[in-house]
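The block underneath contains the structure these notes are about, expressed in structure tokens.
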Amino acid sequence: MATLAAGKRRPLLRVHNLKTYFFPDEGTVRAVDGASFEVCAGQTLGIVGESGCGKSVTARSILRIVEHPGEIVEGEIRYLHRTDGREVELDLAQVSADGREMRQIRGGEIAMIFQEPMTSFSPVHPIGSQIVEAIRLHSPLGKREARERAADLLRQVGISRAEARLNEYAYQLSGGLRQRAMIAMALSAEPRVLIADEPTTALDVTTQAQILDLLRQLQTDLGMAIILITHNLGVVAEMCDNVVVMYLGRVVEEGSVDAIFHNPKHPYTRLLLQSIPSLYSEARVPLPTISGAIPHPYNRPEGCPFHDRCPQFIPGTCDRHVPELQALDERESDQLVSCFLYHEPTDERA
């Protein structure tokens, strides 16, 4: 499966044909079904799509924190692990999820801002003790030095009265402060890759703008790569260099943010963009919507997973064959698209 080259630099993280399935008693759920993408240091990659398309499971697969009965059944997660002053490429999909090497990488070199910090922080421990624990897990600092480092991190993310805030519990903080505290804990080991899973969900627009500005500044200061998972295409347009569009566990389109927003190829991408409110939208006219709903996990359609909702459905092709993510024929295009509008079927009958 093709992947989009992220410039001429060597990718810091490269995911290839990742498949993460869940095996409950009722049947198999293909949460991630062949996703491929890559990101370089200093770049921001946006992963977008409707709820249930596999964005968060992809992130958890990278960190190897997929809960039972889920497991990675195929694919590679290639990461340039820094050890003994040199970089070694590891396939995280083959590393033991509970092993020492993965524990060193998880939270140390690859960190994650979870979608809801209220449930990510322990409700019975002060946020300071939790940040201190994360610092000491990945550094040789003592308890006092780690607490000073925790206070510095809170100040770095814009939290006033940092020393006092260390003694407060998650429920005592506003949504914006909790999100900032979660970012502080994620940055405690100065990670090389930061995965932000819906970092602005449920925040007001002012706080949202502050959080995005903070992430941009921290990226500039630390040179880290960011994988931004969101359904907010406005945030993607503001923050990202490249974009991956997912649907039902598969990548349907990938390209630079300019190419995706100004020249979308996949019908699903076009429909997502058409549903964004605009200052130029006609007043009192309903926004366009995508017909239907994401299929039930136990009742996936044959062929292209989007064909039963697609306005450009090709009978006999889209419902029988599975499209692959391929480069466009256009010579100067940097986009990849998984659609039979641009490629002939190459697989056997589905």
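Each residue takes its place number in the sequence, starting with 1. The analysis underlying the following values was restricted to heavy atoms, covering all of them including side chains, and did not include hydrogens, waters or symmetry mates. What you see is a predicted model, and the numbers here were worked out from it, not measured in a lab.
Summarising the geometry, atom OG belonging to Ser61 is positioned 13.5 Å from atom NZ belonging to Lys19; distances are rounded to the nearest 0.5 Å. How far OG of Ser129 is from CG of Asn167: 9.0 Å, rounded to the nearest 0.5 Å. The CZ atom of Phe22 lies 12.0 Å from the OG1 atom of Thr28; values are rounded to the nearest 0.5 Å. Taken to the nearest 0.5 Å, the NE2 atom of His138 stands 10.0 Å off from the CZ atom of Arg103. Summarising the geometry, atom NE2 belonging to His266 is positioned 4.5 Å from atom SG belonging to Cys339; distances are rounded to the nearest 0.5 Å. Rounded to the nearest 0.5 Å, atoms CG (Leu153) and CD1 (Ile159) are 10.0 Å apart.
Side-chain atoms of Arg270 and Gln312 form a donor-acceptor pair, as typed in the model, at a separation below 3.5 Å. With no hydrogens or angles considered, a side-chain donor-acceptor pair links His231 and Glu198 at under 3.5 Å. Side-chain polar atoms of Glu324 and His343 form no donor-acceptor pair below 3.5 angstrom. A side-chain donor-acceptor contact under 3.5 Å links Gln217 and Asp221. For the residue pair Tyr171/Arg178, the side-chain donor-acceptor check at 3.5 Å is not satisfied. For Gln172 and Arg165, the side-chain atoms include no donor-acceptor pair closer than 3.5 Å. With hydrogens and angles left out, the side-chain atoms of Asp197 and Ser56 include a donor and acceptor closer than 3.5 Å.
By the 4.5 Å heavy-atom criterion applied to side chains, Thr230 and Val48 are counted as neighbours. When side chains are defined from C-beta on, Tyr247 counts as touching Pro305, because their heavy atoms get closer than 4.5 Å. For the pair Tyr21/Val32, no side-chain contact is recorded, criterion being any heavy-atom separation below 4.5 Å from C-beta on. Contact of the Gln156 side chain with the Leu218 side chain is registered, since non-hydrogen atoms from C-beta on lie closer than 4.5 Å. Contact annotation: the side chain of Asp308 approaches that of Pro295 to within less than 4.5 Å [non-hydrogen atoms, C-beta and beyond].
By the salt bridge (Lys or Arg N to Asp or Glu O under 4.0 Å) test, Asp91 is found to be paired with no residue, residues two or more places apart in sequence or in another chain being considered. Applying the salt bridge (Lys or Arg N to Asp or Glu O under 4.0 Å) criterion to Arg136, with sequence neighbours excluded, gives no partner residue.
Arg180 contributes a side-chain N or O that, together with a main-chain N or O of Val157, makes up a donor-acceptor pair within less than 3.5 Å. The main-chain N or O of Ile65 is never found under 3.5 Å from a side-chain atom of Arg106 such that the two would form a donor-acceptor pair. The main-chain N or O of Thr317 is never found under 3.5 Å from a side-chain atom of His307 such that the two would form a donor-acceptor pair. Looking only at distances, no side-chain donor or acceptor of Asn299 sits under 3.5 Å from a matching main-chain atom of His296. Using a distance-only test at 3.5 Å, with no hydrogens or angles considered, no donor-acceptor pair links the side chain of Thr44 to the main chain of Ile226. Side-chain N or O atoms of Tyr268 include none that pairs as donor or acceptor with a backbone N or O of Gly49 at under 3.5 Å. In this structure, Ser338 contributes its side chain and Pro323 its backbone to a donor-acceptor pair below 3.5 Å. Side chain of Glu76 to main chain of Ala93: no donor-acceptor pair is present (N/O by atom type, distance under 3.5 Å, no hydrogens or angles).
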Show me the donor-acceptor pairs, under 3.5 Å and distance only, between side chains in residues 188-195 and residues at least two apart or in other chains.
{"from": "Ser188", "atom 1": "OG", "to": "Met185", "atom 2": "O", "distance (Å)": "2.8"}
{"from": "Arg192", "atom 1": "NH1", "to": "Leu80", "atom 2": "O", "distance (Å)": "2.6"}
{"from": "Arg192", "atom 1": "NH2", "to": "Glu87", "atom 2": "OE2", "distance (Å)": "2.5"}

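The nearest pair of heavy atoms linking Lys55 to Ile47 is CD-O, 3.5 Å. In plain terms, the two heavy atoms of Ile135 and Ala150 that are nearest each other are CD1-N, 3.6 Å. Smallest separation of non-hydrogen atoms from Leu233 and Phe261: O-CZ, 3.2 Å. Across Pro264 and His262, no two heavy atoms sit closer than the pair CD-C, 3.6 Å. Minimum interatomic distance between Arg149 and Leu141 (heavy atoms only, all atoms of both residues): CB-CD1, 4.2 Å. Among all heavy-atom pairs drawn from Cys240 and Leu45, the shortest one is SG-C, 4.1 Å.
Hydrophobic cluster membership differs between Leu137 and Met182, with clusters built from Ile, Leu, Val, Met, Phe, Trp and Tyr side chains linked at under 4.5 angstrom. In the hydrophobic clustering of ILVMFWY residues, with side-chain heavy atoms under 4.5 Å counting as a link, Leu215 and Leu177 come out together. Note on Leu90: it clusters hydrophobically with Phe37, by side-chain heavy-atom contacts below 4.5 Å among ILVMFWY residues. There is no path of hydrophobic side-chain contacts, each under 4.5 Å, that joins Phe313 to Phe306. Hydrophobic clustering places Ile294 together with Leu272 (ILVMFWY residues linked when any side-chain heavy atoms are closer than 4.5 Å, directly or through intermediates).
Ion pairing between Arg155 and Asp152 holds under the 4.0 Å rule for side-chain N and carboxylate O. In this structure, Glu50 pairs ionically with Arg309, as a charged nitrogen and a carboxylate oxygen lie closer than 4.0 Å. In summary, Glu38 and Arg78 do not engage in a salt bridge, as defined by a charged side-chain N under 4.0 Å from a carboxylate O.
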Subject >> Residue pair Glu238, Arg216: steps toward the salt bridge (Lys or Arg N to Asp or Glu O under 4.0 Å) verdict >> reply: CA-CA 10 Å; Glu238 184 179 353; Arg216 270 196 299 263; 3.2 Å; yes

**OP:** Show your reasoning for whether side chain to side chain donor-acceptor pair (under 3.5 Å) applies to Glu101 and Ser96.
**Re:** CA-CA 8 Å; Glu101 199 166 39; Ser96 172; over 6 Å; no

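Ring geometry for Phe340 against His321 counts as perpendicular: the plane angle is over 60°, on a 0 to 90° scale with 30° as the lower cut. Using bins of under 30°, 30° to 60° and over 60° for the plane-to-plane angle, the ring pair His81/Tyr79 lands in the tilted bin.
Looking at Ile62, Leu18, Leu92 one by one, the single match for side chain to side chain contact (heavy atoms under 4.5 Å, CB included) with Ile72 turns out to be Leu18. Remark: of the listed residues Glu253, Gln274, Glu254, Glu253 is the sole one forming a side chain to side chain donor-acceptor pair (under 3.5 Å) with Thr269. Remark: of the listed residues Val73, Asp33, Thr58, Val57, Val57 is the sole one forming a side chain to side chain contact (heavy atoms under 4.5 Å, CB included) with Thr20. For the pairing with Leu187, the side chain to side chain contact (heavy atoms under 4.5 Å, CB included) check across Ile113, Ile131, Leu222 returns one residue only, Leu222.
Residue-environment remark: CD (Glu344) stays at or below the threshold of 12 foreign heavy atoms within 6.0 Å. The local environment of CD in Glu133 is sparse, with at most 12 non-hydrogen atoms from other residues, nucleotides or ligands closer than 6.0 Å.
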